[in-house]
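Just so it is clear, the model here is predicted, and its values are computed rather than measured.
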Amino acid sequence: MSIMVPSTTPALIPPGRQTLDSALHQLDQAAEHLGLDDGLRTMLATPRRSLTVSVPVRREDGRLDVVQGFRVQHNVSRGPAKGGLRFHPTTDLDEVTALAMWMTWKCALVGIPYGGAKGGVAVDPTGLTTRELERLTRRYVSEIMPLIGPEKDIPAPDVGTDEQTMAWIMDTYSVSAGYAVPGVVTGKPATLGGSLGRSGATSLGVQIAALAALGRSPEGVTVAVQGFGKVGALAAQHLSDAGCKVVAVSDVTGAVHARGGLDIARLRAYVSETGGVRGFHHGDAMSHDDLFELDVDVLVPAALEGAITEVNAPRIRARLIVEGANGPTTPAADEILAASGTTVVPDILANAGGVIVSYLEWVQNMQAYSWSAGEVEGKMRDLLLNAFTEVRSVAAERAMTLRQAAHVIGVGRVADAHQMRGLYP
Ligand code: GLU
């Protein structure tokens, strides 16, 4: 006898679809609050352009692999599409669509003149040689070439990509154009027109947002960081430099805990040597799940989507969550956290430092000019803190969570831009 499993069983919904459902749920709440009509809601719920490509990659042993790639431009009402490029084995069109949508609200929220986009390639970059990665990147770029450009859509790093990936993209695009086009991509190496401060900008933004939300001296404030990668490791460093005590961190290899605080500089050195936090001697090993339940003041999810769910949310003891990752908290978990009085600084605010400095990089490229590290940081800090203040006051005025307020502001600005421009034809 076969057992019928209802198709709504959460475990059977692919992760990408769950991420998109979360993004659509947040949009729906904001649209309801803003009183947007059905047509506008549908427009905002639907990406303007989605491209799926097959990317053939010649492996070192001569085999030919074909992987799927995506680029989604969710909205372009306020300016060129903007957003990162992710290399991850489980990425799919739904996930990339959700991430593109979040980019739209994020750019609108912090007041930079962009729409939202995201790219993805369903591949594990750690399983490829550097030359394979280069071939893959260049071929993916040539497949999405008609969509991108400094006035159209500007990629940047995300999970699994870095400065080198951006250099290859810039080169592939520039060779096809016949001249150097640094503004086609942000997060490039400084020698190619990358901005000072871009590589650490997301992490610094997480620290700035966390300290603003704390509203008291960070001295001795205890922190747990889930995800010790590009964003999490440097966020842990910045928080520790500010006086916080980072007592636990995790990555794919494991989790470590030290009640008296981890030496983050030492741990980062250990990770760059061994590839992960597992086995770090100056702390005790702990399980991934236990990290979420630690009695800490601040929890920073800085890995992937869906880390905080209705299963672990009731056990979270941190009173402040600062989202370094995109979409780490599901809507069901959000409700539980709101009911327990936990403050969540949402992704589109907490991790916006990255795209803000991407914007500053692009402005410098378009002017063929460059600013000092101090100028870049000062401008980023201002934009981020202005957005923070706005979100906090809207949340207080309208008795909503910081996430709801951030979405009301972001979605509202995009809706306004769309309405002011009107519909063609
Ligand atoms: N991938 C980053 C994000 O999710 C940065 C995007 C960008 O700089 O364009 O915000």
Side-chain angles (χ1 to χ4, degrees), residues 200 202-251 255-265 267-268 277 283 286 288-304 307-309 312-329 333-334 336-354 381 384-385 387-389 391-392 395 401-403 405-406:
T202 310
S203 311
L204 182 58
V206 168
Q207 184 237 44
I208 293 169
L211 298 187
L214 264 176
R216 63 181 156 111
S217 162
E219 212 55 51
V221 165
T222 53
V223 182
V225 179
Q226 179 245 357
F228 203 68
K230 256 188 322 203
V231 174
L234 209 52
Q237 184 72 69
H238 285 307
L239 286 164
S240 161
D241 292 347
C244 296
K245 205 158 66 167
V246 181
V247 296
V249 305
S250 66
D251 68 8
V256 282
H257 179 217
R259 206 176 292 277
L262 292 158
D263 180 340
I264 298 300
L267 179 54
R268 285 172 62 216
V277 302
M286 78 185 311
H288 282 106
D289 289 347
D290 289 348
L291 179 134
F292 287 97
E293 299 173 21
L294 279 175
D295 188 9
V296 288
D297 300 309
V298 185
L299 175 64
V300 179
L304 293 170
I308 301 176
T309 65
N312 58 8
R315 298 199 286 265
I316 288 177
R317 287 195 271 174
R319 308 315 292 156
L320 176 63
I321 296 176
V322 184
E323 296 183 333
N326 288 310
T329 310
D334 253 339
I336 294 166
L337 295 169
S340 69
T342 308
T343 300
V344 180
V345 185
D347 46 8
I348 60 170
L349 178 61
N351 71 31
R381 206 173 267 280
L384 193 62
L385 287 174
F388 187 90
T389 306
V391 168
R392 196 158 48 186
T401 64
L402 296 180
R403 190 188 316 283

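Smallest separation of non-hydrogen atoms from Gly227 and Ala303: CA-CB, 4.1 Å. For Ala387 against Leu349, the heavy-atom pair with the smallest separation is CB-CD1, 3.8 Å. For Gly354 against Thr202, the heavy-atom pair with the smallest separation is CA-OG1, 3.2 Å. Contact detail for Gly324 and Val300: the closest heavy-atom pair is N-CG1, 4.4 Å. Ala395 approaches Ala405 most closely through the heavy-atom pair N-CB, 3.6 Å. Closest of all the heavy-atom pairs between Ser203 and Leu234 is OG-CB, 3.2 Å.
Taking the side chain as every heavy atom from C-beta outward, Phe228 and Ile264 approach each other to under 4.5 Å. Between Val256 and Val249 the shortest side-chain heavy-atom distance falls below 4.5 Å. Contact of the Leu239 side chain with the Val298 side chain is not registered, since no non-hydrogen atoms from C-beta on lie closer than 4.5 Å. Contact check for Pro301 versus Ile308: side-chain heavy atoms found under the 4.5 Å cut-off.
Every residue meeting the side chain to side chain donor-acceptor pair (under 3.5 Å) condition with Arg315, not counting sequence neighbours, appears here in chain and number order: Glu293. Partners of Arg381 according to the side-chain contact (heavy atoms from CB on, under 4.5 Å) rule, which considers only residues two or more places apart in sequence or in another chain, are Leu204, Ile208, Glu377, Leu385. With sequence neighbours excluded, no residue forms a side chain to side chain donor-acceptor pair (under 3.5 Å) with Thr343. Scored by the side-chain contact (heavy atoms from CB on, under 4.5 Å) test, Ala350 finds Ala209, Val322, Val345 as partners (sequence neighbours excluded). The side-chain contact (heavy atoms from CB on, under 4.5 Å) check on Asp347 picks up Trp102, Glu323, Asn326, Pro328, Asn351, Arg403, with sequence neighbours excluded. Residues that satisfy the side-chain contact (heavy atoms from CB on, under 4.5 Å) test with Ala248, not counting sequence neighbours, are Ala224, His257, Met286, Leu291, Leu294. Looking at residues two or more places apart in sequence or on another chain, you find a side chain to side chain donor-acceptor pair (under 3.5 Å) between Ser340 and Thr342. The side chain to side chain donor-acceptor pair (under 3.5 Å) search around Asp263 returns none, not counting sequence neighbours.
Rounding to the nearest 0.5 angstrom, the gap separating the CG atom in Asp295 from the CZ atom in Arg319 is 10.0 Å. Note that OG1 of Thr401 is 6.0 Å distant from CG of Asp334, once rounded to the nearest 0.5 Å. Residue Leu337 holds its CG atom at 6.5 Å from OG1 of Thr329, rounded to the nearest 0.5 Å.
Among residue pairs with one or both ends in residues 227-238, those qualifying as side-chain hydrogen bond (donor to acceptor under 3.5 Å, both in side chains) are Gln237-Asp241, Gln237-Arg268; sequence neighbours excluded. Sorted pairs that involve residues 206-221 and meet side-chain hydrogen bond (donor to acceptor under 3.5 Å, both in side chains), not counting sequence neighbours, are lacking altogether.
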- [ ] Apply the test side chain to side chain contact (heavy atoms under 4.5 Å, CB included) to residues Asp289 and Asn312: give CA-CA distance (whole Å), side-chain angles for both, the deciding distance (0.1 Å), then the verdict.
- [x] CA-CA 8 Å; Asp289 289 347; Asn312 58 8; 5.9 Å; no
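Of the possible donor and acceptor atoms, none in the side chain of Asp297 sits under 3.5 Å from a partner among the backbone N and O of Val221.
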